[in-house]
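This one's a predicted model, so the numbers in the text were calculated from it and none came from an experiment. Numbering of ligands and ligand atoms starts at 1, following listing order.
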Amino acid sequence: MRDPLAAALSTIVGAEHVITDPAVRATYETDWTGRFRGSAHLVVRPGSTAEVASVVQACAQAGATIVPQGGNTGLVAGAVPHGSVVLSTRRLSAVEDVEHATGQVTVGAGATLAQVQDHAARSGLRVGVDLAARGSATIGGMIATDAGGIHAIRYGTMRYALVGVEAVLADGSLVGRLGGLGRDPVAALVAGSEGTLGIVTRARLRLIPAWPERATILLAFDALAAAVAAVPVLRARLPDLEALEAFDRTCLDLAAARPGARDPFAGRAAADVFVLVEVAANRPLVDELVGAVEDVDGVLDAVVAADDPDRRRLWALRDGIADAIATAGIPHKLDVGLPLDRLESFVAALRPAVAAVDPAARTFVFGHLGLGNLHVNVVGPAADDERVDDAVLRLVLEHGGEIGAEHGIGRAKARWMNLSHTAAELALRDRLKRALDPDGLLNPGVLAP
Ligand SMILES: Cc1cc2nc3c(=O)[nH]c(=O)nc-3n(C[C@H](O)[C@H](O)[C@H](O)COP(=O)(O)OP(=O)(O)OC[C@H]3O[C@@H](n4cnc5c(N)ncnc54)[C@H](O)[C@@H]3O)c2cc1C
């Protein structure tokens with residue numbers, strides 16, 4: 001006999017948008033890394049805001065919890081269901097015309113970043129947040145995680161791009177303001193709430209200029225200390241600094257081994273740390289960039305992108321790191337924030353800390369250097385073995401850092417929140433949740449274990 005909830009949801013969205021077949025559900029039940037696997041009661045794919053509200057009400061009546069899911073590229077298991085209904089936003093992908101007078105656009109929560117970037121580019125504009133998962137990550141997911149990415153050093157995280165949202169709360173009510181005048185308190189509430197306080201259905205974004213001129217350089221350093229010391233110099237010398245990304249030798253070797261890629265420093269000076277620097281504006285920038293780099297100490301070697309294909313080759317190395325690591329094994333992904341002046345001592349202590357747990361583990365470090373945001377990836381320990389996560393996150397806290405930087409907390413790090421947050425902060429989190437979602441309908445286990 002058919003599941004009564006599936007039957008109720010079918011009357012709202014149409015039977016073809018209620019997925020109960022385990023084989024089809026499977027892609028919604030496993031995260032991008034393959035490390036986190038769950039199981040969904042069913043997957044429902046509403047096609048409008050009104051359908052989202054009705055789905056939420058039907059689930060509430062049936063006592064079924066809901067996991068909102070966009071592109072499922074999140075890296076902290078926040079969209080992985082454990083018996084919940086998965087509410088996929090992918091059909092909410094409509095994009096409205098860019099409003100030229102304000103440089104704003106209203107888009108569906110299920111539109112991918114790449115889709116919105118292409119749309120904005122036709123008006124000479126773009127979204128200030130960019131990340132390697134752009135082809136799949138959705139605007140709703142990026143708001144929910146307050147995504148950062150490669151340009152956060154200049155434009156901030158997703159919440160800075162947000163003028164307003166439309167969201168459905170756990171009781172099915174519709175809130176938010178898309179009028180474009182800002183001051184939408186709901187936008188501030190849902191940004192970074194990881195699907196626990198409301199389901200974003202549409203968003204109004206502030207776009208930025210698509211600069212006509214861009215200059216890019218990859219720097220090689222013999223040690224992280226020199227790369228960290230370069231940050232304030234480059235920030236001071238380059239007012240149009242747009243990206244400042246770092247990766248270690250292990251990452252470069254893996255990324256350069258991918259088909260079509262190569263190590264631009266092959267056969268030249270041995271280096272351990274690489275920093276990709278990019279500036280963008282409406283004037284030629286190469287001389288300014290090269291001049292600034294001349295003021296940086298400890299640069300062993302450098303490759304300047306001569307043209308767009310060259311630039312794409314350098315960025316392909318950075319963008320390809322996550323995929324390259326995934327081919328080495330199922331990674332434990334630990335996205336953390338460190339004060340810049342503690343970053344070097346953290347990284348020095350990192351490999352011994354990982355080796356103490358698993359001597360055979362391989363550790364890769366890359367990230368958004370300008371913001372002290374590191375992605376520590378460890379390959380080797382079993383997916384369900386959390387000892388290495390524990391060791392790394394405790395090391396982060398010992399160094400005055402944050403256990404969740406741009407990817408959020410999700411389920412993966414929820415159990416460490418009592419170490420990283422004060423009792424008052426945890427009480428505030430719980431009070432907010434109780435006020436907005438007293439029955440714990442939305443994303444149970446995310447942000448709170
Ligand atoms: C190769 C790669 C590179 C990445 N690089 C970056 C990076 O540079 N910076 C960065 O910040 N992240 C990065 N990420 C992580 C990921 O892309 C972001 O977290 C992104 O914001 C997730 O979007 P999504 O649509 O895939 O969300 P999902 O994975 O589907 O969901 C993520 C969280 O948001 C919630 N959610 C999703 N949609 C909604 C909605 N409409 N309303 C309410 N809650 C919702 C989910 O419940 C879950 O908690 C990367 C991921 C990959 C695979």
- Relative to ligand 1, is Met158 under 4.0 angstrom through side chain, backbone, both or neither, heavy atoms considered? neither
- Message: Under 4.0 Å from a heavy atom of Leu131: which atoms of ligand 1 are those, numbered in the order shown and with their elements?
- Response: 5 (N), 6 (C), 7 (C), 8 (O), 9 (N), 10 (C), 12 (N), 13 (C)
- Message: Under a 4.0 angstrom heavy-atom cut-off, which atoms of ligand 1 come close to Thr89?
- Response: 41 (N)
- Query: Starting from atom 47 (O) of ligand 1, which protein heavy atom do you reach first, and at what distance in Å?
  - Reply: Pro68 O, 2.6 Å
- Query: Which atoms of ligand 1 sit under 4.0 Å from any heavy atom of Gly195?
  - Reply: 43 (C), 44 (N)
- Protein contact of atom 14 (N) of ligand 1 - nearest heavy atom, named by residue and atom, plus distance: His407 NE2, 3.8 Å
- Any Arg183 side-chain heavy atom under 4.5 Å of Arg177 side chain: no
- Message: With heavy-atom distances below 4.0 Å as the criterion, list the atoms of ligand 1 near Asn443.
- Response: 47 (O), 49 (O)
- For Val200, counting its heavy atoms only, list the atoms of ligand 1 lying under 4.0 Å from any of them. 40 (C), 41 (N), 42 (N), 43 (C)
- Message: Less than 4.0 angstrom from a charged side-chain N to a carboxylate O is my criterion; do Asp390 and Arg394 meet it?
- Response: yes
- Task: Salt-bridge test for Asp263 and Arg249: reply yes if a basic N is under 4.0 Å from a carboxylate O, no otherwise.
- Result: yes
- Query: Heavy-atom contact under 4.0 Å between Gly148 and ligand 1?
  - Reply: yes
- Measure the distance from atom 20 (C) of ligand 1 to every protein heavy atom, then report the residue, atom name and distance (to 0.1 Å) of the closest one. Thr73 OG1, 3.8 Å
- Item | Aromatic plane relationship, His407 with His375 - under 30° parallel, 30 to 60° tilted, over 60° perpendicular | parallel
- Nearest heavy-atom approach of Ile217 to Ala302 is CD1-CB, 4.1 Å
- Check the pair Asp184 / Arg204 against salt bridge (Lys or Arg N to Asp or Glu O under 4.0 Å), numbers first and verdict last. CA-CA 10 Å; Asp184 178 3; Arg204 191 166 177 97; over 6 Å; no
- Query: Can you check whether His82 reaches Arg411 side chain to side chain, under 4.5 Å on heavy atoms?
  - Reply: yes
- Do His119 and Asp97 meet the criterion of a side-chain donor-acceptor pair at a distance under 3.5 Å? no
- Query: Which option out of Gly74, Gly141, Gly110, Ala133 puts a heavy atom nearest to atom 37 (C) of ligand 1?
  - Reply: Gly141
- Task: State whether the number of non-hydrogen atoms from other residues, nucleotides or ligands found under 6.0 Å of Arg37 atom CZ is greater than 12.
- Result: no
- Item | 4.0 Å heavy-atom contact, Leu75 with ligand 1 | yes
- Task: Could you check Glu278 against Arg214 for salt bridge (Lys or Arg N to Asp or Glu O under 4.0 Å), going step by step and ending with a plain yes or no?
- Result: CA-CA 7 Å; Glu278 186 162 278; Arg214 209 162 265 277; 2.7 Å; yes
- Message: Among all protein heavy atoms in this structure, tell me which lies nearest to atom 33 (C) of ligand 1, with the distance rounded to 0.1 Å.
- Response: Thr145 CG2, 3.7 Å
- Message: I'd like to know if Gly198 contacts ligand 1, where contact means a heavy-atom distance under 4.0 Å to any ligand atom.
- Response: yes
- Protein contact to atom 7 (C) of ligand 1 [nearest heavy atom, distance to 0.1 Å]: Glu406 OE2, 3.2 Å
- Message: Checking contacts here: is it the side chain or the backbone of Ala147 that comes within 4.0 Å of ligand 1, counting heavy atoms only? Could be both or neither.
- Response: both
- the protein heavy atom lying closest to atom 24 (P) of ligand 1 turns out to be Gly71 N, 3.5 Å
- Query: Which of parallel (below 30°), tilted (30 to 60°) and perpendicular (above 60°) describes His399 and Phe346?
  - Reply: perpendicular
- Query: What protein heavy atom sits nearest atom 30 (O) of ligand 1, and how far off is it?
  - Reply: Gly70 N, 2.7 Å
- Item | Intermediate values then yes/no, salt bridge (Lys or Arg N to Asp or Glu O under 4.0 Å), Glu406 and Lys333 | CA-CA 12 Å; Glu406 59 174 7; Lys333 285 192 169 288; over 6 Å; no
- Number the atoms of ligand 1 from 1 as they appear, then name those within less than 4.0 Å of a heavy atom of Gln69, with their elements. 30 (O)
- Query: Which residue supplies the protein heavy atom nearest to atom 31 (O) of ligand 1, what is that atom called, and how far is it?
  - Reply: Ala79 CB, 3.7 Å
- Sub-4.0 Å atoms of ligand 1 with respect to non-hydrogen atoms of Ala322: 1 (C)
- Identify which of Ala152, Ala144, Gly320 has a heavy atom lying nearest to atom 35 (C) of ligand 1. Ala144
- Query: Can you say whether the rings of His151 and Trp315 are parallel (under 30°), tilted (30 to 60°) or perpendicular (over 60°)?
  - Reply: perpendicular
- Looking at Met142, which atoms of ligand 1 are within less than 4.0 Å of one of its heavy atoms? 21 (O), 23 (O)
